[in-house]
Structure formats: structure tokens, C-alpha cells
Asks: 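First the structure, which I've put down as C-alpha cells, then a few questions once you've had a look.
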Amino acid sequence: MVRVAVVDYELCKPDKCGTPCVRFCPINRTRPYKAIELRPERGNKPVVNESFCIACGICIKKCPYKAIKIVNLPDEVERKLIHRYGPNAFKLYGLPTPSLGKIVGVLGRNGIGKTTAMRILSGELVPNFGNYSAKPSIDEVLSRFRGTELYDYFNKLYSKEIKVVHKPQNIEIIPRVAGKAVVRDVLSRLDERGVSKDVISLLYMDRFLDKRIAELSGGELQKLAIAVALCRNANVYIFDEPTSYLDIRERLRVATAIRDLIPHNAYTFVVEHDLVVLDYVSDVMVIGYGEPGVYGMFSKPYATGTGINFYLEGYLPSENMRIRDEKIVFSLHEVKEDSEYLMKTGAPMVEWSHLKKRLGSFMLEVEPGYAYQGEVIGILGPNAIGKTTFVKLLAGILKPDEGYTTASMFRISYKPQYLERSIPKCETVEDCLAKVNKEALSPSSWLFHEVVRRLNIDRFLHRRVEELSGGELQKFYVAACLIKDADVYLLDEPSTHVDVEDQLGVARAIKRIARIRKAVVFVVDHNLVLLDYAVDRAMVFLGEPTKMGLALSPRPIGESLNEFLKELGVTFRRDPRTGRPRMNKPGSYLDRYQKSIGAYFYSKPIETEEE
Ligand code: ADP
Ligand code: ADP
Ligand code: MG
């Protein structure tokens with residue numbers, strides 16, 4: 001067995017806890033050597049000596065800040081070790097296999113080493129094979145890869161035979177280095193392939209070509225970063241999370257642009273949490289798994305469709321590895337059986353009349369509608385079309401200029417789109433959640449099971465809210481919203497920054513809360529898989545972004561998706577095995593067939609010959 005001990009030095013506070021991890025360690029107490037000790041070079045914080053540790057778990061339990069994690073791995077895994085950031089830090093085993101002329105999709109939880117792997121494959125980070133004290137030479141690295149399929153790749157990479165373009169995950173830093181530049185100039189200056197016209201039209205960038213980078217919205221910045229990558233002449237293209245900040249329409253455009261514009265003989269990697277995009281864009285895919293923050297490894301390449309199905313089923317056959325206990329199954333029918341049941345037996349609860357609301361130069365109109373007890377209503381549409389405005393009308397934060405809603409007669413729980421990091425008078429996640437509903441923190445309660453556990457919040461209950469990562473902060477707010485005792489739940493974009501595993505958790509939690517509490521949930525989101533899974537009926541928002549929005553009455557999710565996709569001119573089918581929605585290739589037989597019969601969202605399962 002190999003022992004991997006990871007200490008989160010941000011959580012560790014030895015001056016506050018009296019270091020029970022060191023004092024209670026049975027090895028420290030009974031042997032002449034130490035399995036865990038405070039080290040000056042770590043700021044007098046504990047370092048676990050993995051060769052002496054027996055993984056008894058006492059330090060893990062004693063640590064009041066939950067800063068220590070220890071796992072055992074089979075010996076043969078150690079041979080695959082590629083990188084470790086330092087002593088008691090995250091370990092990366094293996095890399096996604098590059099494939100010439102193919103787009104390799106990379107899927108996996110946050111903290112599993114995807115970005116680390118992309119930095120190694122781009123040459124930004126030289127792997128140390130666990131020897132973090134001595135930086136290995138290029139020759140050493142190459143000799144470690146000799147005889148593997150990675151050798152050829154790294155040989156070309158290090159001898160500069162191939163050039164890499166890397167669209168990083170955190171695009172937020174771009175304005176800091178190039179804020180003054182104008183989008184049009186940047187594109188023309190960096191266009192080495194003469195494709196900027198195509199990129200601009202595929203990504204619909206005309207509207208902001210004359211803006212400076214510092215003035216761009218998150219979505220515009222993302223599109224620019226992708227456009228620049230596509231304009232470069234390279235042999236390796238890496239896109240780390242290309243759909244953050246984008247609405248559904250833009251996500252599908254990005255997927256199409258990457259597929260259409262990547263040169264045919266390049267190595268391409270796309271790390272992505274939106275299953276529809278990943279599915280459409282990749283030729284093959286690898287699944288990252290392991291223990292977030294502790295260690296990560298990658299599966300062999302799978303054909304994309306099959307790989308996503310294995311992922312949803314929670315089992316990787318080539319690796320003989322179970323990655324989840326539960327299967328995730330989608331409904332295969334246009335109207336889900338349980339939604340239909342709800343509409344037959346449920347009573348309408350929240351109602352709204354025809355509504356009008358003007359905000360500055362923006363005008364929103366809403367068709368009348370109502371929601372049943374126990375129902376989940378999805379809200380879908382592009383950015384700046386009035387989705388948040390509608391949710392605020394329901395929440396009573398905004399008053400309509402014309403019309404009424406009955407939502408304010410009920411107890412409301414609201415998760416806004418933009419989240420605050422500082423919450424007055426509560427420090428840790430646990431404190432804050434306890435203030436909302438104490439019961440949800442008791443491990444025997446249904447709320448703990450359906451929300452706290454399902455969203456994996458039990459892993460960071462002790463952390464301070466201001467220190468959470470983007471995905472953790474989002475999950476914390478979603479949980480705080482869902483555990484509150486209320487009749488109407490309003491969730492504005494709950495999947496932002498959340499990894500694919502937790503998106504599915506959020507989708508299930510939303511549905512369970514609605515059903516168990518007989519409450520109404522409204523959810524705005526850009527993730528079609530989440531919407532399709534959780535939602536009974538949906539409201540489509542049409543119109544012209546920033547000018548005027550028209551919200552249609554709720555209709556069964558299949559019908560709504562049909563309407564929405566028709567607007568976009570793309571078609572979807574359902575996967576026959578798991579029922580998940582999949583986008584058809586534009587101009588393919590299915591695409592043409594479905595358009596001809598007006599079935600943009602085709603709910604009958606169809607076998608395809610693609611795979
Ligand atoms: P992913 O992209 O899958 O979310 P990352 O590769 O970003 O995962 O991170 C994997 C783990 O490595 C995380 O626990 C992260 O905290 C840790 N990590 C990332 N960069 C560093 C670094 N420079 N030093 C130490 N640990 C790091
Ligand atoms: P969505 O949630 O669909 O992205 P929003 O409802 O947030 O859209 O916004 C719709 C439009 O209304 C946007 O163009 C936004 O800039 C504008 N808007 C929102 N709030 C205000 C306000 N208080 N004053 C003026 N304009 C606003
Ligand atoms: Mg919004």
C-alpha cells in the first residue's frame with residue numbers, strides 16, 4: 001500500500017488547536033521516530049511522514065479544522081506518479097493521453113488535477129514525479145516517459161517541434177495585463193491563421209469588437225480568449241473550461257467553433273463541466289477521478305458517448321473502478337411520468353398575471369402562469385433577457401409596473417445570481433447553515449442526506465466562507481437556500497462554477513426538495529443537462545438581450561426545449577441508454593430529419609451509427 005497524506009495548510013492553525021494531531025499519534029507516542037511532527041520550514045505546521053504513518057485516522061479525527069486527509073492506494077499506482085506540488089500536497093497520477101488529430105475531452109470533479117495536467121501538457125509545469133525537492137531536467141523527464149505513448153508528445157514539446165496555445169481556466173486576469181487594448185485590434189494582431197473573420201461570425205462577436213478589454217463582460221471575455229486561441233497557429237490547443245459565463249446559445253456556438261476551426265492535425269484538449277458541450281466537442285474523452293485535493297488520476301480514452309454513459313452510470317469498466325454509488329438516469333419521454341402525475345394531482349400554488357416591468361432601457365413582459373405544489377419550473381434564455389428580473393419580481397424585491405404575483409404570500413427562499421463572500425456574524429460554513437436550519441446539519445436528518453451530503457458540503461463544513469473556492473461558495477449558497485423552511489424556492493444560476501458531479505447533485509437536490517416539501521422551485525440555469533433532469537415545466541425567454549424580453553408561460557420541459565432549440569436552429573436527440581440529451585451535428589441526417597418534422601428536441605430514443 002502507498003499512503004498519501006495531504007495537509008491543507010490554509011486550514012491548519014497550530015497556534016489555536018494545541019496540535020492534537022502530533023500529541024495523540026500512536027507512532028509518535030510509542031516509537032523512537034515520528035509519523036507527524038511540526039516543521040519550521042512549514043511555518044511550524046505538521047508534516048506527515050508517509051513511510052511511518054499507519055493510517056490509523058486518529059490525527060484526522062482530532063484535527064478541529066479537518067485539515068488532514070490520508071488515503072491508501074495500491075502499490076502499482078505509485079509507478080504512475082507524475083507530479084506532486086510538495087510534501088503532503090496533492091498527487092497527480094497519469095495524464096490524459098494526447099491523440100493527434102483528435103479532440104480529447106476531459107471530465108472530472110474540481111480539485112482532481114485537470115488544470116495541473118493541462119499545465120504539464122502545455123509545458124508550463126515540468127513534472128517532478130514526486131521528487132519535489134529537486135527539479136528534474138528535461139532529459140530525466142523524457143527518460144521517465146520512454147516506452148509510453150507520452151514520450152513522443154513530450155519529446156516534440158520540449159524540443160519545441162510543436163507549439164502550444166492554452167486558453168487558461170482563469171480568464172479574469174486578462175484585463176489586468178491587456179485592459180486597454182481594443183478587441184478588434186487584438187484579434188487582427190494575433191490572427192496567424194487568417195481565420196479571425198470566421199471566428200468573429202461563429203462566436204457572434206460583432207457587437208463588442210470596438211470595446212476595450214477592460215469593459216468586457218465575463219461572457220465576452222471568455223469568447224475573446226477562445227477566439228484568440230483559435231486564431232493562433234499551433235500544434236496543441238488546450239481549452240480549460242471554455243463555457244464559464246456563457247449562456248446556452250453561446251456554449252453551443254463555442255462547441256461548434258472549436259470543432260470547425262481547430263486544424264485537423266493538432267492535439268486538442270478540452271476540460272469542460274457542461275456535458276452537452278463536452279459530448280459535442282470531443283472525439284474521445286478521459287475521466288478524471290480520485291479524491292479531490294488529495295490525489296487524481298485519468299482513465300484510458302473512451303469514445304465520447306460511451307465514456308459519458310459510463311460516467312453517468314458511475315462505473316469505468318477498463319479501470320474496473322466505481323466512481324459513484326448511484327446511477328444517474330434521465331427520463332426518455334417528452335413529458336416525464338412524475339411531472340404528469342403532479343399536474344394531474346397537484347394544486348396550483350404560485351400564480352402570476354400578465355406582467356410588465358421596465359428597468360432603464362430594458363423592458364420585460366411575462367405571460368401569465370402558475371406553478372403546482374411540488375413542481376420545479378425551469379427558466380431558460382440568453383444573458384440579459386430578463387430572467388433575473390423575473391425572479392426578483394417573484395421574490396418581491398422588484399414590484400411589477402403592471403400585473404401581480406402571489407409569490408409574496410408564501411415563505412420565500414432566494415439564492416441570487418451574484419454571491420457575497422462576506423456574511424455578517426457567521427464565520428464557518430457550519431455556523432452559517434446552522435443559522436438557517438439546525439436540523440439540516442444532523443447526519444440522521446433527511447435534509448442532511450438530500451442536501452448537505454448530496455452536494456458534498458460535509459467536506460468543508462469547517463472552512464471559513466471567505467476562503468471557499470468558487471464552486472464551494474456556490475454549493476454553500478444553494479444548500480443554504482434549499483435547507484430553509486419555505487414554500488417557494490428561487491435559484492438563480494445554481495450551477496455556475498460547479499463541477500459536473502455536483503451539478504447532478506444540485507439537480508437531484510432541487511427535485512427532491514420540491515417533491516418532499518410540496519414546494520415550488522424556480523431555477524434559472526444554462527446547463528441543459530441539469531434543466532432536463534430537474535425540471536417539470538420551463539419558461540422560455542425570447543426577445544432581444546438588453547432591450548426587451550418576453551417570458552412565455554411554463555410548458556412541459558420537452559415542449560419548452562423544442563421551442564428554445566428552434567430559436568437557436570439546433571436539434572437534440574436523447575441517448576438511448578441513459579436518456580441524456582445530445583446535440584446533433586448541424587447538417588447531419590438526424591439534424592435534417594428532426595428539422596423537417598419540427599422535432600428540435602426529439603424525445604424518442606434513437607440509435608445512431610456514430611459510435
Ligand atoms: P482541477 O483543475 O481538477 O480542479 P487542479 O489541478 O487545479 O484541479 O488542482 C488539483 C489540486 O492541486 C488542488 O487540491 C489544488 O489545491 C492543488 N494545487 C494546485 N496548484 C497548486 C500549487 N501551485 N501548489 C500546491 N498545490 C496546488
Ligand atoms: P438575465 O438574468 O436574463 O441575464 P437581467 O434580468 O439580469 O437578465 O437583466 C435584463 C436587462 O436589464 C439587462 O440588460 C440589465 O442590464 C438590465 N437591468 C437589470 N437591472 C437593471 C436596473 N436596476 N436598472 C437598469 N437596467 C437594469
Ligand atoms: Mg441573470
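As a basis for the values below, the full set of heavy atoms in this structure was taken, side chains included, without hydrogen atoms, waters or symmetry mates. Predicted model only: the values in this text are computed from it and were never measured. In listed order, ligands and their atoms are each counted from 1.
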Asks: Measure from the side-chain N and O atoms of Asn88 to the backbone N and O of Val47, and report whether any donor-acceptor pair falls under 3.5 Å.
Replies: no
Asks: Can you classify the ring geometry of Tyr267 versus Tyr153 as parallel (below 30°), tilted (30 to 60°) or perpendicular (above 60°)?
Replies: perpendicular
Asks: Just jot down the ligand 2 atoms closer than 4.0 angstrom to any heavy atom of Ile385, in number order.
Replies: 1 (P), 3 (O), 8 (O)
Asks: Which ligand 2 atoms are under 4.0 Å away from a heavy-atom of Thr546?
Replies: 14 (O)
Asks: With a cut-off of 4.0 Å, which atoms of ligand 2 are near a heavy atom of Pro382?
Replies: 3 (O)
Asks: Measuring from atom 5 (P) of ligand 1, which candidate in Val106, Val294, Thr116, Val271 has the nearest non-hydrogen atom?
Replies: Thr116
Asks: Under the side-chain hydrogen bond (donor to acceptor under 3.5 Å, both in side chains) definition, can you give me all pairs with a residue in residues 102-113, not counting sequence neighbours?
Replies: Arg109-Asp502, Asn110-His273
Asks: Answer yes or no for atom 22 (C) of ligand 1: protein heavy atom present at a distance under 4.0 Å?
Replies: yes
Asks: Do protein heavy atoms approach atom 16 (O) of ligand 1 to less than 4.0 Å?
Replies: no
Asks: Any N or O on Lys387 sitting closer than 3.5 Å to an N or O of ligand 2?
Replies: yes
Asks: Kindly indicate whether a cation-pi arrangement holds for Arg253 with Tyr204, taking the cut-offs as under 6.0 Å to the six-membered ring centre and within 45° of the axis.
Replies: yes
Asks: Tell me, which protein residue and heavy-atom name are nearest atom 7 (O) of ligand 1, and how many Å apart are they?
Replies: Thr115 CB, 3.5 Å
Asks: Between Tyr85, Phe90, Tyr295, which one has a non-hydrogen atom sitting closest to atom 26 (N) of ligand 1?
Replies: Tyr85
